[in-house]
Amino acid sequence: MSACLLLLLYVNYEMNFDRHFKDADKIYQVMTNFQDASGKITSTGTSPGNGIAMEIRSKIPEVDAITRIAGGNESLIANKDRGFKKIDLFADPEILKIFSYEFIAGNPDVALNAPNNIVLTEKTAKLLFGTSDVLNKTVRYANRIDFKVTGVIKDHPDNTSLGFDYLMPWSFYQSISDEARNPGWGNFSFLAIAKVNDKTRLDFINSKVKKLYNETYTNDKNENFLFPFSDKHLYGEFLDGKSVGGNIERIYLFVALAFGILLIACINFMNMATAKSERRAKEVGIKKTIGATRGSLVMQFLTEAMLLTAVGVLIALTIVEVSLPMFNNLLGIEITIDYMSTGYWLGILSVALLTGLLAGIYPAVFLSSFNAIQTLKKKTARARLIPINLRQVLVVVQFCFAIILTIATLVIYKQIQFIKARPVGYNIDLLAEMPQSGELYGKFELFKDQLLKSGAVMAVNQTSQSMTRVSNWFYGLKWPDMDKKGEEIVFNRLQTQYDLAKTNGIQILEGHDFSREFASDTAGILLSSTAVKMMNLKDPLGKTVQLFDNKLKIIGVFKDFLWDSPYHSGKPMVINFNKYQGGNINMRLNPANGLSKNIELISAVTKSFNPEYPVEIKFVNELYTAKLQSEKILGILANLFGGIAILISCMGLYGLVSYSAEQRTKEFGVRKVLGASAANIMQLLSVSFMKMILVAIIIGVPAAYYLMNKWLGHFEFRTVISWWIIVVAIFSTSVVAFLTVSFQAYKAAKSNPVDALKYE
């Protein structure tokens with residue numbers, strides 16, 4: 001039961017993502033369906049085009065409030081004495097009308113009305129000042145701009161999509177971002193979140209929203225739409241512009257696993273209760289003789305089951321409370337239990353009632369059905385209804401579930417390894433990165449020189465984004481002989497300086513990387529092999545393309561690398577030279593030094609340039625692995641709770657074998673006296689149970705194959721269910737079951753026949 005409750009806590013955590021806000025059902029994210037020239041939807045994106053939010057605000061009165069959102073990066077926030085890298089967020093003041101953040105201090109109506117205002121979370125306020133009473137105090141952003149604290153809000157729960165440590169006004173963001181000052185419809189850099197006044201009119205609102213993009217911007221053809229913000233986490237996969245699922249598939253799997261474990265435990269109870277029916281037959285006979293009705297007996301046995309369940313729930317709650325910190329640490333999340341929540345206790349009560357009824361109803365009905373005369377004559381063991389056959393069915397169900405879980409666990413592991421083995425397209429080993437903060441912007445070349453002289457790195461390069469986080473995609477690239485379809489291609493863009501390939505290990509297929517040897521490379525561009533193919537360029541080197549208002553010469557073609565999700569094909573990609581568009585510093589570490597030595601040297605050089613900033617060095621291989629977090633969680637839970645389910649199944653099987661051996665003690669004694677060997681006795685006891693396991697295998701393997709093939713179908717890149725997975729599952733389940741049965745069978749076979757014949 002504790003395993004079931006832990007899984008249901010995780011399910012509740014996922015199901016309540018972004019649902020803790022007031023009027024969460026009225027909050028929507030503005031999304032984009034990208035279309036080709038014929039109007040066919042080619043893909044769906046979470047960024048709606050930088051100009052759409054203001055159009056919705058001015059033209060659609062059914063939307064009460066809308067905010068643009070940018071940021072979500074770690075940047076320096078400090079008071080006079082201390083500074084920390086925390087997550088920023090920029091938004092219009094309307095964000096405080098859309099999301100019901102709980103203000104500890106300050107007025108949400110005016111908290112973001114001035115460019116130099118800032119709202120802190122309670123945790124950030126205490127980190128900076130040691131208290132949450134910080135209204136009107138001053139903090140410094142990025143070591144260069146002072147802000148006045150105009151609000152402190154309660155910390156967000158962990159299951160929040162838009163998490164941040166401090167919130168700043170959009171009016172300030174416009175002063176530091178050209179894209180915010182001059183929002184282009186062909187750029188997709190910001191999010192937009194809206195709140196409607198009547199959710200029942202969503203279709204009508206969307207009919208108006210869908211027209212705005214194409215009415216305002218004619219260079220390409222797209223349509224925007226509002227999608228429930230609280231559904232984005234679980235239903236974020238789209239096909240042909242419609243949600244087709246997402247993480248909800250994993251939630252269904254965990255719900256099935258939770259109640260599957262509970263069902264297995266209930267089956268154990270039913271099996272043992274009905275198997276030991278003879279021990280209570282006389283009690284039933286006597287009670288019926290003195291006037292007890294079948295209904296009263298059913299209630300008695302159900303009450304006993306409910307009392308056992310109540311005790312089990314208390315023990316389970318204790319186990320959950322003790323194990324929850326370890327569970328959180330294992331999954332890397334923060335699940336908390338709100339003991340004051342009515343919903344929590346109703347959930348516990350529902351699980352308890354379900355368990356009690358499920359475990360107790362059949363034994364109660366079966367035991368109360370005994371005939372009073374037959375029970376008093378001790379004939380219940382021969383008065384068969386369906387107990388033996390049903391117990392066999394229940395054992396088969398248990399091991400079907402165990403086999404399905406075993407195959408599922410192996411397939412999940414194989415899929416994770418398959419995705420991990422996808423070629424990244426660049427060398428992630430010994431590649432580190434750090435944010436380009438403070439003085440590292442203006443003094444990058446000097447910083448690079450000092451790093452190289454330190455011997456900690458072999459090469460250094462500057463890029464506009466991390467190599468593991470795609471965040472810039474656009475329309476509007478033009479090239480010679482471009483057809484109409486070319487206008488619809490969405491490109492990812494990375495901006496960089498010299499030594500990109502040398503540092504990151506990107507493979508140049510044609511041409512060369514940006515080089516100081518060619519002065520014209522500052523007006524050059526690199527295209528991915530997919531981009532060249534989609535643009536229908538033959539002999540691309542030397543041809544000119546137009547990126548917004550800049551004409552750039554193609555100097556090289558590089559092999560595609562995974563910048564986006566490892567689960568999907570990436571967009572075609574361009575890399576242009578931009579000395580002033582930094583943000584991330586990449587470093588190829590020196591393999592001749594130990595890792596700690598390299599980190600020490602890099603930290604020393606960085607501190608000499610940026611004494612006010614903490615040194616943040618991240619390893620690209622770890623950042624890439626983090627992209628597999630959702631499947632990692634799935635694998636951990638399948639392994640952990642699948643193992644628990646198999647253990648419970650074996651415990652039930654062991655109990656049944658033990659009781660069967662006990663019931664046949666005299667028979668085994670007679671057989672041994674007549675010359676039966678220990679092997680004969682073991683075979684006699686084991687064969688019937690192993691037949692049940694065989695039936696479970698025959699049913700469980702096809703079921704598992706079907707279910708896991710359906711699960712794999714959600715991946716663009718997927719493995720196959722190999723024959724060895726089926727063999728391993730059958731072999732491991734059979735061995736575990738055989739050892740369970742054989743251990744007890746061996747004990748019965750080796751017992752003294754004299755003791756057996758004196759039995760009863």
Side-chain angles (χ1 to χ4, degrees), residues 70-76 85-90 141-144 176-179 189 424-452 456-474 491-506 513-514 525-526 528 558 561-565 570-571 573-589 598-599 602-603 605-607 609-610 613-627:
N73 303 306
E74 288 190 346
S75 51
L76 185 68
K85 280 289 193 74
K86 306 302 289 182
I87 297 174
D88 59 26
L89 203 71
F90 304 94
Y141 168 71
N143 202 36
R144 54 195 174 96
I176 63 172
S177 169
D178 181 63
E179 286 187 331
S189 310
V424 183
Y426 61 97
N427 186 5
I428 63 176
D429 296 323
L430 289 178
L431 182 62
E433 64 176 44
M434 68 167 63
Q436 192 173 8
S437 309
E439 296 299 318
L440 300 185
Y441 271 109
K443 298 179 179 179
F444 171 72
E445 290 298 335
L446 182 58
F447 174 70
K448 177 178 179 178
D449 185 59
Q450 292 295 316
L451 276 183
L452 291 170
V457 300
M458 304 295 290
V460 183
N461 164 257
Q462 169 189 293
T463 52
S464 53
Q465 287 95 27
S466 167
M467 293 295 291
T468 61
R469 182 184 175 190
V470 60
S471 58
N472 190 308
W473 43 283
F474 70 99
F491 293 88
N492 282 335
R493 177 168 70 138
L494 183 68
Q495 301 184 76
T496 188
Q497 278 199 44
Y498 303 110
D499 297 330
L500 174 68
K502 183 179 179 181
T503 305
N504 297 332
I506 291 171
D513 189 13
F514 300 107
I525 190 169
L526 300 173
S528 69
F558 62 91
F561 63 86
L562 290 179
W563 196 26
D564 210 334
S565 167
K571 296 180 178 70
M573 188 173 177
V574 302
I575 303 176
N576 67 283
F577 188 94
N578 192 329
K579 193 173 183 178
Y580 306 103
Q581 189 65 42
N584 199 72
I585 295 174
N586 306 301
M587 299 166 288
R588 173 65 56 191
L589 302 183
N598 284 332
I599 299 303
I602 294 170
S603 299
V605 174
T606 306
K607 272 294 183 184
F609 281 83
N610 258 352
Y613 284 75
V615 178
E616 293 180 280
I617 301 171
K618 298 177 181 178
F619 299 101
V620 174
N621 58 351
E622 293 178 358
L623 295 174
Y624 180 76
T625 302
K627 291 186 173 189

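N578 places none of its side-chain heavy atoms less than 4.5 Å from the side chain of S464.
Taking each heavy atom of N598 and A456 in turn, the nearest pair found is OD1-O, 3.2 Å. L494 and W563 get closest at one heavy-atom pair: CD1-CZ2, 3.8 Å.
Aromatic rings from Y441 and Y580 are positioned such that their centres are separated by 6.0 Å or more. In this structure, F514 has its ring center at least 6.0 angstrom away from the ring center of Y498.
Remark: side-chain polar atoms of K607 are not paired, donor with acceptor, to backbone N or O of I602 under 3.5 angstrom. Put simply, the side chain of N427 gets close to the backbone of D429: a donor and an acceptor are under 3.5 Å apart. Under the 3.5 Å distance criterion, the side-chain polar atoms of T496 are matched with a main-chain donor or acceptor of Q462.
Each salt bridge (charged side-chain N to carboxylate O under 4.0 Å, His left out) pair with one or both residues in residues 434-449, not counting sequence neighbours, appears once here: E439-K443, E445-R516, K448-D499, D449-K453.
The existence of a salt bridge linking K618 and E433 is excluded, since no basic side-chain nitrogen approaches an acidic carboxylate oxygen closer than 4.0 Å.
The OG1 atom of T503 sits 7.0 Å away from the CG atom of N586 when rounded to the nearest 0.5 Å.
More than 12 heavy atoms of other residues, nucleotides or ligands shown are found within 6.0 angstrom of NZ on K85.
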Would you check, one step at a time, whether the test side-chain hydrogen bond (donor to acceptor under 3.5 Å, both in side chains) holds for S466 with N584? CA-CA 6 Å; S466 167; N584 199 72; 4.8 Å; no
Given side-chain hydrogen bond (donor to acceptor under 3.5 Å, both in side chains), test N610 with S437 step by step and report yes or no. CA-CA 8 Å; N610 258 352; S437 309; 5.5 Å; no
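For the side chain to side chain donor-acceptor pair (under 3.5 Å) test, residues two or more places apart in sequence or in another chain that qualify with N73 are R469.
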